[in-house]
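Some notes on the structure that comes next.
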Amino acid sequence: MVHSIGTSPYQLSQEQVSRFRRDGVLGPLPSDSPCLEGLLELLQEAFPSGAAGGKSNALDPQLRMPEIQDLARHPSLVHPVAQLLGCNELSFFQARFRVKTSALADLQPWHQDVGANHGGLFDDGTPIPSFTVWLSLDGADADSGAVALLPGTHRSLLGEWQKGFHGLRGSQDSLDTSQTMTLVTPPRHFHIFHSWVVHCSLTNNSRKPRSALILRYMDRRHAVHVSFPHEPCGLNG
């Protein structure tokens with residue numbers, strides 16, 4: 001049980017918590033972390049878009065940039081995630097800097113982020129739940145390639161989940177996409193979603209790049225049998 005979240009200015013309302021439990025997603029929420037000042041420019045310099053693909057897709061940029069570790073520990077992100085996970089102590093275990101440039105055909109398939117490469121497994125082989133913070137650095141909407149998801153699908157594992165990103169490869173046509181939710185996200189705002197919710201990433205049809213940081217968290221008590229570089233964070237810093 002979370003004991004001290006009530007003292008936080010970033011405390012979520014009961015309605016927000018209930019909505020997350022129902023849909024598996026919440027946002028957009030603002031971050032006032034000072035680490036965001038100039039961060040996009042630093043990331044662009046460290047991870048320039050490739051000439052061939054016209055995109056950046058840098059895994060774990062926090063290993064080179066302490067600014068991202070500081071951002072991931074900021075209470076505007078940590079406190080809501082801790083409240084939704086129901087724990088005081090988190091482990092920040094994975095990050096990605098993702099850029100889609102204008103007119104880049106980069107539609108990702110529907111998938112769940114689950115399994116050995118997405119938080120690890122318990123001793124009995126079942127996957128450890130994790131939460132994703134999808135933070136927009138320059139704004140995202142349906143036209144610029146925002147994330148889309150199927151609310152409520154976080155409650156069960158679908159397809160061949162053991163295959164991770166490709167676990168739903170054979171189930172794309174059978175998914176009910178009638179309730180698809182597009183995560184419109186202003187700059188310096190983020191959505192939190194359960195990493196098991198079925199989601200995809202749309203093609204950028206706009207005239208501007210779409211840049212985001214994807215940060216992954218789990219209950220620190222579960223960060224035991226995994227190979228990721230874990231960073232402790234929580235309600236007490």
Side-chain angles (χ1 to χ4, degrees), residues 19-28 53 55-60 81 84-85 93-101 104-136 140-185 190-205 210-219 222-223 225-228:
R19 186 165 10 120
F20 181 87
R21 290 175 178 168
R22 181 193 68 199
D23 296 337
V25 61
L26 184 68
K55 63 180 179 180
S56 288
N57 190 18
L59 181 63
D60 285 326
V81 172
L84 293 173
L85 260 175
F93 70 91
Q94 196 176 80
R96 190 180 296 270
F97 173 51
R98 190 88 163 86
V99 180
K100 290 190 176 187
T101 53
L104 175 63
D106 190 32
L107 178 67
Q108 290 185 335
W110 294 108
H111 63 281
Q112 294 175 298
D113 291 329
V114 59
N117 294 323
H118 294 282
L121 304 171
F122 290 112
D123 288 338
D124 63 1
T126 59
I128 296 171
S130 64
F131 282 14
T132 296
V133 167
W134 198 94
L135 190 151
S136 177
D141 56 27
D143 194 44
S144 67
V147 169
L149 54 78
L150 305 181
T153 52
H154 60 296
R155 300 188 189 96
S156 59
L157 301 175
L158 305 176
E160 300 177 272
W161 64 262
Q162 297 87 346
K163 295 183 178 180
F165 183 80
H166 302 290
L168 294 178
R169 175 176 286 179
S171 308
Q172 300 288 308
D173 294 337
S174 63
L175 293 171
D176 179 7
T177 59
S178 61
Q179 303 300 315
T180 297
M181 179 186 299
T182 301
L183 304 188
V184 176
T185 318
F190 61 94
H191 280 81
I192 305 171
F193 59 86
H194 195 300
S195 301
W196 299 359
V197 73
V198 176
H199 60 285
C200 69
S201 182
L202 305 175
T203 295
N204 184 356
N205 293 311
R210 188 229 69 182
S211 306
L213 268 176
I214 299 115
L215 310 172
R216 305 284 300 281
Y217 299 86
M218 66 168 65
D219 186 326
H222 298 158
H225 299 305
V226 292
S227 58
F228 307 110

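Numbering starts at 1 and runs along the sequence shown.
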Results of ring-ring contact (aromatic ring centres under 6.0 Å, His included) for His199 - residues two or more places apart only | His111, Phe193

Find the distance between CG (Asn204) and OG1 (Thr101) and round it off to the nearest 0.5 Å.
-> 7.0 Å

Inter-residue atom distance Asp219.CG - Ser130.OG, 0.5 Å rounding = 11.5 Å

Can you measure from CZ (Arg21) to CG (Leu84) and round to the nearest 0.5 angstrom?
-> 8.0 Å

Give, for atom CZ of Phe190 and atom CG of Leu26, the distance between the pair rounded to the nearest 0.5 Å.
-> 8.5 Å

Answer yes or no: does atom CD of Gln172 have more than 12 heavy-atom neighbours from other residues, nucleotides or ligands under 6.0 Å?
-> yes

Counterpart residues, salt bridge (charged side-chain N to carboxylate O under 4.0 Å, His left out), relative to Asp23 (two or more places apart) = none

Could I get the full list of side chain to side chain donor-acceptor pair (under 3.5 Å) partners for Ser174, not counting sequence neighbours?
-> none

Is there side-chain contact between His118 and Pro127, with at least one heavy-atom pair below 4.5 Å?
-> no

Would you say the ring centroid of His222 lies under 6.0 angstrom from that of Phe122?
-> yes

Write out all pairs satisfying side-chain hydrogen bond (donor to acceptor under 3.5 Å, both in side chains) with one or both partners inside residues 142-155, taking only residues at least two apart or from two chains.
-> Asp141-Ser144

Side chain to side chain donor-acceptor pair (under 3.5 Å) with Thr126: which residues, sequence neighbours excluded?
-> Asp124

Least distance between heavy atoms, Gly119 atom then Met218 atom = O-CE, 2.9 Å

Quick one: pull up CZ in Arg210 and OG1 in Thr185 and give me the separation to the nearest 0.5 Å.
-> 9.0 Å

Please name all residues satisfying side chain to side chain donor-acceptor pair (under 3.5 Å) with Gln94, sequence neighbours left out, ordered by chain then number.
-> Arg216

Hits for ring-ring contact (aromatic ring centres under 6.0 Å, His included) against Tyr217, two or more places apart or cross-chain, chain-then-number order -> Phe92

Would you give the length of the straight line joining atom CG of Leu183 to atom NE2 of His191, rounded to the nearest 0.5 angstrom?
-> 4.5 Å

Shortest non-hydrogen contact between Gln112 and Leu158, atoms and distance | OE1-N, 3.0 Å

Got Leu150 and Thr177 here, is their nearest side-chain heavy-atom distance under 4.5 Å?
-> yes

Residue list, side chain to side chain contact (heavy atoms under 4.5 Å, CB included) with Ala148, at least two apart or on another chain = Trp110, Thr180, Thr182, Cys200, Leu202

Grab the two heavy atoms, one from Ser201 and one from Gly145, that are nearest each other, plus how far apart they are.
-> OG-O, 3.7 Å

With sequence neighbours excluded, residues passing side chain to side chain donor-acceptor pair (under 3.5 Å) with Asp60 = Gln62

Considering residues at least two apart in sequence or located in another chain, which fulfil the ring-ring contact (aromatic ring centres under 6.0 Å, His included) criterion with Trp134?
-> none

Taking side chain as C-beta onward, heavy atoms only, is Val25 less than 4.5 Å from Val197?
-> no

